[in-house]
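Below, each value reflects all heavy atoms present in this structure, side chains not excepted, and no hydrogens, waters or symmetry copies. All values derive from a computational prediction rather than experimental measurement. By convention here, the first residue in the shown sequence is residue 1.
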Amino acid sequence: MDDHPGKSPDHLTINVTHHDDPVFEVTEADAFASARKYPNIVVRGPLFGLAEQRRGDRPRWRLMGELDSGFPQMVRDELNSHLWFKAKDETDDPAERRSLLAAVARLETEKVNEVSACGVRYRVVRADEFARIGGDRLEPPRATDPDDDSWDLDAPDPCRTEGFVVDHAAAVGLSEGIGRAELLQLAYTAERFPADVRADSQRAVTTHPGVVLLPTTFRVVQRKEVSWSMVTAQHSTPQGARRALVDHLVRPFPKLPDLPDMPELPAWMKVDEKEAAVNERAAKKFMARRRPNELFVRGKRFEVVRVERMMRIGPDGPETPRPSDVDEYGPSQMHPPMDEHGNITYGT
């Protein structure tokens, strides 16, 4: 029986298109070659961020920043601050300020994943981070991934996720369409995940059957005997991850001032001068290569890897945190009280 006669709803539609231009052709060929070389998937776990839906946007949502938080409550706190400062700095209308502060009040006391204020829906959204693997190796950056060549360690890392429109029915290339179709039934099955996590993951396949891929990110991992450990946060380009690796090697800890009464640093914080010299030489050799993705130093193997993020989509948009997603703490009041006229009451 056809549950959706006629046109399928947006959250079930994967719209594949083709562009007749050389860049599109090369990117598609690169994606298909990588899929053959790295055919399997390793799931790391969930990340959380914020999305908003303004009047007229439905069913589309727009991401408000990176999805890089490990706990939903961190994102609720971020939304709390966003709305409080919006009430403080961006309106003189008492009615708008009341609407914003009502949402803040809920976020101060409830583990709520969606609030509305001034006609805008705000939602804490969830995505799963994963990497592709083949031949016992995680996928490195592709030749067609956006990149740069700067070695300025203080260069800002641009955010490619902020402003991203979550639109399941938007046209994509054939490689992404196939990739999304392959992820539709993906659920946590490994025994390392608790039973409630596996059950929630399997349930999400039904409640949020659509899949959208977010902009690709890049990390540095350290290869162990049978596993990998993360060394850096996510970066928007492979070069951003390379810069982070160099920074990790040559600037492991900030230099502290010499103070007469300062206690001796613990052993784990002391910098071994020989080790620092070895790291610096390795970093210089690494930087002398063009877009390197692997570094061996002091018996350690570091790799720049390509990381993808999939977001599940249901009839009402992106998936929110699951019951089994863990928080380290709960909601609280983060800012002083404010009235509808913008008057703030500071504690004494």
Side-chain angles (χ1 to χ4, degrees), residues 34 38 42-49 63 65-71 74-75 78 127-133 137-164 213-224 227-256 268-273 275-310:
S34 292
Y38 303 96
V42 177
V43 178
R44 175 177 171 264
L47 293 172
F48 305 91
L63 299 183
E66 281 292 2
L67 267 79
D68 57 2
S69 296
F71 302 99
M74 295 174 66
V75 183
E78 180 185 342
D128 278 306
E129 185 178 42
F130 68 93
R132 300 184 183 274
I133 185 172
R137 178 171 181 175
L138 296 177
E139 181 183 12
R142 298 174 186 173
T144 51
D145 286 326
D147 209 353
D148 66 83
D149 293 311
S150 171
W151 285 109
D152 179 2
L153 301 188
D154 296 313
D157 191 50
C159 177
R160 294 174 55 219
T161 306
E162 183 174 2
F164 178 84
L213 292 176
L214 305 185
T216 304
T217 61
F218 304 87
R219 291 186 185 269
V220 175
V221 299
Q222 182 183 341
R223 176 66 188 266
K224 305 294 182 66
S227 64
W228 295 265
S229 63
M230 286 194 310
V231 176
T232 70
Q234 60 188 29
H235 296 272
S236 61
T237 65
Q239 190 70 7
R242 297 181 193 111
R243 288 192 291 264
L245 174 56
V246 171
D247 188 78
H248 171 77
L249 292 173
V250 302
R251 300 195 297 203
F253 297 105
K255 185 174 177 57
L256 301 174
W268 67 270
M269 287 190 67
K270 294 181 179 179
V271 177
D272 184 292
E273 292 186 2
E275 181 178 309
V278 171
N279 285 348
E280 187 168 352
R281 287 195 297 271
K284 287 182 178 178
K285 290 181 179 178
F286 184 73
M287 294 167 68
R289 296 156 55 194
R290 176 170 170 75
R291 297 184 176 179
N293 293 320
E294 195 171 61
L295 172 64
F296 293 87
V297 57
R298 294 183 292 107
K300 298 178 181 178
R301 175 178 169 181
F302 299 100
E303 298 176 5
V304 177
V305 298
R306 190 177 198 272
V307 178
E308 299 183 62
R309 296 167 295 175
M310 57 167 279

- Query: Of all heavy-atom pairs between L295 and A282, which one has the smallest distance, and what is that distance?
  - Reply: CD1-O, 4.0 Å
- pair L214-R160: side-chain heavy atoms closer than 4.5 Å: no
- Qualifying residues under side chain to side chain contact (heavy atoms under 4.5 Å, CB included), relative to R142, sequence neighbours excluded: D30, A31, S34, R132, E139, T144, D145, R306, E308
- Excluding sequence neighbours, so at least two apart, what forms side chain to side chain contact (heavy atoms under 4.5 Å, CB included) with P292? W151, R242, F286, R289
- Output for pair (F130 CZ, L213 CG), nearest 0.5 Å, gives 5.5 Å
- Task: Return the minimal non-hydrogen interatomic distance between L249 and F302, and the atom names on each side.
- Result: CD2-CE1, 4.3 Å
- Task: Find the distance between NE2 (H235) and CG (D68) and round it off to the nearest 0.5 Å.
- Result: 10.5 Å
- Where is the tightest heavy-atom contact between V220 and T232, given as atom of each residue plus distance? N-OG1, 3.0 Å
- Can you name the side chain to side chain contact (heavy atoms under 4.5 Å, CB included) partners of E162, sequence neighbours left out? C159
- Task: Would you give the length of the straight line joining atom NZ of K285 to atom CZ of F296, rounded to the nearest 0.5 angstrom?
- Result: 14.0 Å
- In chain order, what residues pass the side chain to side chain contact (heavy atoms under 4.5 Å, CB included) check against K284, with sequence neighbours excluded? E280
- Message: Salt bridge check, D152 against R243: does any charged N sit closer than 4.0 Å to a carboxylate O?
- Response: no
- Query: How far apart are the closest heavy atoms of P146 and P238, and which atoms are they?
  - Reply: O-CD, 3.3 Å
- Item | Student check: side-chain heavy atoms of W228 and I133 closer than 4.5 Å | yes
- Would you say R219 and R44 make side-chain contact, with heavy atoms under 4.5 Å? yes
- Message: Test your reading of the model: is there a side-chain donor-acceptor pair from D147 to the backbone of Q239, 3.5 Å cut-off?
- Response: yes
- Task: Enter the distance from E303:CD to R223:CZ here, rounded to the nearest 0.5 Å.
- Result: 6.5 Å
- Which heavy atom of P158 sits nearest a heavy atom of S236, and at what distance? O-OG, 2.8 Å
- Heavy-atom check, side chain of D149 versus side chain of R291, under 4.5 Å: yes
- Heavy-atom pair of closest approach, residues N293 and P140: ND2-CB, 4.3 Å
- Where the side chain of E275 meets the backbone of R298, is there a donor-acceptor pair that is under 3.5 Å apart? no
- Got a sec, which residues hit side-chain hydrogen bond (donor to acceptor under 3.5 Å, both in side chains) with D154, two or more places apart in sequence or on another chain? R251
- Message: Restricting to side-chain hydrogen bond (donor to acceptor under 3.5 Å, both in side chains), what partner residues turn up for T161, sequence neighbours left out?
- Response: E66, R309
- Item | Residues that E294 engages under side-chain hydrogen bond (donor to acceptor under 3.5 Å, both in side chains), provided they are two or more places apart | R301
